[in-house]
Structure formats: C-alpha cells, structure tokens
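Encoded as structure tokens, the structure appears first; notes follow it.
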Amino acid sequence: MSFSFLIENELKQQKQQLYQSKQFLNRAPDGFLKMRERKVDAVFYRKYRTENGYLEENISKNPQIVRCLLDKRIQQEVNRRAEKNIILLEDLQESYQSTEQKDILHGLSPAYQRAFCRFTAKKLQDWASADYPKCEYEPQHLVHETLSGIFVRSKSEVIIANTLFYYHIPFRYEERLSFTGQYFYPDFRIKLPLGGYKIWEHLGLLSEMTYCENTANKLYTYQMNGFVIGKDLILTQDDNKGSCNSAWIDEVVRTQLLPHFL
C-alpha cells in the first residue's frame, strides 16, 4: 500500500468527518457548557445568548442536554481540526513525489520505458508461469482449455485468456490475493512492466441475484483497497444471452493493457 494511497484515504476520511460534524452542529442546541464547583458536587449550566445578553440555565438535572453540549464541543473541535488537516493533506498530496520505481518510470521518456520493458519481459513470463496459490473452489468446473494450456470456467474467460496470450501479456488466473484479511480470487491478474498490476474481473452471471450481491461485495473491497475501475480494475461482462464478443475483448486488451507492454 503506497503512501499516496494512504494520503488519499486519510483525506477522504477527514472530509467525511468534517461533513458529519457540520451536520451534527446544525442540529445541536444553542449555548455552551459552564460549571460551578459546590461542596457536594459540581453544577452544570447552559450559557446561551438572547436579545438581552447571556443567560445561564441550571441543567444538572438534565443529563441529556449536558451530553448534547459535551458532544457539541467535541464536534466543534473535530470541525476545526478536520478543516486544518484537509488543507495540510491537500498540500502534501500535491507536493509529495513518490520514490517507487513504477512512479518514476511513468514520468520518464518512452525510450527509458521501452528499455525497461525489454529487460523485464522475461521476468514477467517467469512470474506468470511460476506456481502460485489458486482458487480451490469447484475445480470440476475448470473444463475449458486455453491456448496457454490452463483451464478456465467459462467460454468468455477462454476468449480473455486467449487474447492475452495472443498479445504476449503475462497473467495469472484465479490467483489467491488477500485484502483486509479476506481471500479473493480475481479472474485475471496482469503484472505491468513498469510496476504495479491490473485486475480483470469478468462478470458472467449478472442474471443471478446472489452472484450480483457477491460481486457488489467484491467491488466494495476493491474500492476500499484503492482500486479504480478503468485505472487498475478492468470489468467486462456477458450480455443477457450469456455470451461475450471477442472483438470487444480484443479492444479492451488493446486500449487498456497493450500500451503498457509496448
């Protein structure tokens, strides 16, 4: 997980906290909390402004108002700190320069990028052909053979695997990945020459409600781990007849993946 992602995630949380605190403060009662010490115990007052000046109201016997004024003061501080943090994080986000190799390479000229791709081509092929933990769920459904020799679960996945193989793009099928303590098995994981990788999920059973619910949960996990559709997450689907157009898959590969390998 990169530092840039952590900044972006913290910025989102600070903006959410700011919004929530403003919503709370709009509903909070007028005034603020005062206290006077007594021999037995402290007495709480609500001090608030009127047209004739400030008034104080004894609220010691009304713990609900005491609690509301306490929460109001906390949210005022949340509001103040969040506004300050947002400015600092936005400045940091704008000025921070990653030292990760993939980020540096993306900023170099095509000549350096092409040279790096040539040096890493064999490593990527070795990565794709190496052993890796795979999905063990219902292996009897792995019945469709691809040009690369692996077996997949659907004819649509055959089209994707064969297209990747045709363009010499290394991939892993149903590799076990861990996100937030859970195991996921994306249909395809493609490692990029300049660093990083893309996940490709093909949605083949959107006509089934349970499948749709599971897909929504998976997309939520991807979202919370920084994946963005069209950037590092590719989504394709079968049509309502359960088929997938090979020309469309070819276009997806040529536009979203092949430029990384040239």
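Just so you know, these numbers use all the heavy atoms, side chains as well, and skip hydrogens, waters and symmetry mates.
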Is there a path of hydrophobic side-chain contacts, each under 4.5 Å between heavy atoms, that joins [X] and [Y]?
X      : Y      : answer
Leu205 : Ile249 : no
Ile86  : Leu25  : no
Trp127 : Phe188 : no
Leu142 : Ile159 : yes
Val43  : Ile59  : no

So Leu92 and Leu11, side-chain contact (heavy atoms from CB on, under 4.5 Å) or not? Walk me through it. CA-CA 10 Å; Leu92 179 59; Leu11 187 56; over 6 Å; no

Quick one: do Lys22 and Glu83 satisfy side-chain contact (heavy atoms from CB on, under 4.5 Å)? Show the steps, please. CA-CA 11 Å; Lys22 288 182 181 295; Glu83 287 181 338; 3.5 Å; yes

Whether the side chain of [X] engages the backbone of [Y] through a donor-acceptor N/O pair (distance < 3.5 Å, no angle test) should be reported.
X      : Y      : answer
Arg46  : Lys34  : no
Tyr112 : Gly107 : no
Asp250 : Ser246 : no
Asn162 : Leu147 : yes
Ser243 : Asp239 : no
Thr120 : Lys123 : no
Asp126 : Ala128 : no
Thr146 : Ile150 : yes

For atom CD of Glu51, decide whether the heavy atoms of other residues, nucleotides or ligands shown that lie under 6.0 angstrom number more than 12.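 Counting other residues, nucleotides and ligands, CD of Glu51 stays at 12 neighbours or fewer.
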
Looking at Phe32, I'd like to know if its CZ atom is crowded, meaning that more than 12 non-hydrogen atoms belonging to other residues, nucleotides or ligands lie closer than 6.0 Å.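 Yes, CZ of Phe32 has more than 12 neighbouring heavy atoms, counting only those of other groups under 6.0 Å.
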
Testing the 3.5 Å rule here: is there a donor-acceptor pair between the side chains of Gln13 and Gln17?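 Looking only at side-chain atoms, Gln17 and Gln13 do not form any donor-acceptor pair under 3.5 Å.
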
Is it true that Glu56 and Tyr48 share a donor-acceptor pair across their side chains at a distance under 3.5 Å?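 No, because no side-chain N or O of Tyr48 sits under 3.5 Å from a partner of the opposite role on Glu56.
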
Identify whether NZ of Lys or CZ of Arg in [X] sits under 6.0 Å from the centre of the six-membered ring of [Y] and within 45° of that ring's axis.
X      : Y      : result
Lys47  : Tyr54  : yes
Arg176 : Phe184 : no
Lys134 : Tyr132 : yes

Atom of [X], atom of [Y] and distance for their closest heavy-atom approach:
X      : Y      : answer
Gly226 : Asp232 : O-OD2, 4.0 Å
Tyr211 : Leu203 : OH-CA, 3.2 Å
Ser98  : Ile104 : O-CG1, 4.1 Å
Arg38  : Asp41  : CB-O, 2.8 Å
Glu201 : Pro186 : OE2-CA, 3.1 Å
Leu69  : Gly31  : CD2-O, 3.6 Å

Could you walk me through whether Ile199 and Ile190 pass side-chain contact (heavy atoms from CB on, under 4.5 Å), step by step? CA-CA 6 Å; Ile199 282 177; Ile190 299 100; over 6 Å; no

Step by step, work out the side-chain contact (heavy atoms from CB on, under 4.5 Å) result for Thr221 and Asn217. CA-CA 6 Å; Thr221 301; Asn217 290 331; 5.7 Å; no

So which pairs with a foot in residues 64-77 pass side-chain hydrogen bond (donor to acceptor under 3.5 Å, both in side chains), sequence neighbours left out?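 Every pair satisfying side-chain hydrogen bond (donor to acceptor under 3.5 Å, both in side chains) with a residue in residues 64-77: Arg67-Asp71, Glu77-Arg80, Glu77-Arg81.
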
Taking side-chain hydrogen bond (donor to acceptor under 3.5 Å, both in side chains) as the cut-off, I'd like each qualifying pair that reaches into residues 181-198, sequence neighbours left out, listed once.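 Residue pairs with at least one partner in residues 181-198: Glu175-Arg189.
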
Please say which of Tyr222, Trp200, Phe5, Tyr220 ends up in a ring-ring contact (aromatic ring centres under 6.0 Å, His included) with Phe227.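 In the set Tyr222, Trp200, Phe5, Tyr220, the residue that makes a ring-ring contact (aromatic ring centres under 6.0 Å, His included) with Phe227 is Tyr222.
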
Close side-chain approach of [X] to [Y], heavy-atom, < 4.5 Å:
X      : Y      : answer
Ile160 : Val253 : no
Gln113 : Leu194 : yes
Asn240 : Leu206 : no

Residue pair Tyr137, Glu174: steps toward the side chain to side chain donor-acceptor pair (under 3.5 Å) verdict: CA-CA 10 Å; Tyr137 178 70; Glu174 290 191 345; over 6 Å; no

Residues Glu90, Lys15: salt bridge by 4.0 Å N-O rule: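 Yes, charged N to carboxylate O under 4.0 Å.
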
I'd like to know if Arg153 and Glu138 make a salt bridge, using a cut-off of under 4.0 Å between side-chain N and carboxylate O.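 Salt bridge: no.
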
Kindly determine whether Phe261 and Tyr167 satisfy ring-ring contact (aromatic ring centres under 6.0 Å, His included), including the steps that lead there. CA-CA 9 Å; Phe261 289 84; Tyr167 285 109; over 10 Å; no

Partners passing ring pair (Phe, Tyr, Trp, His ring centres under 6.0 Å) against Phe151 (at least two apart in sequence or in another chain):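 Once residues adjacent in sequence are excluded, Phe151 has no partner under the ring pair (Phe, Tyr, Trp, His ring centres under 6.0 Å) criterion.
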
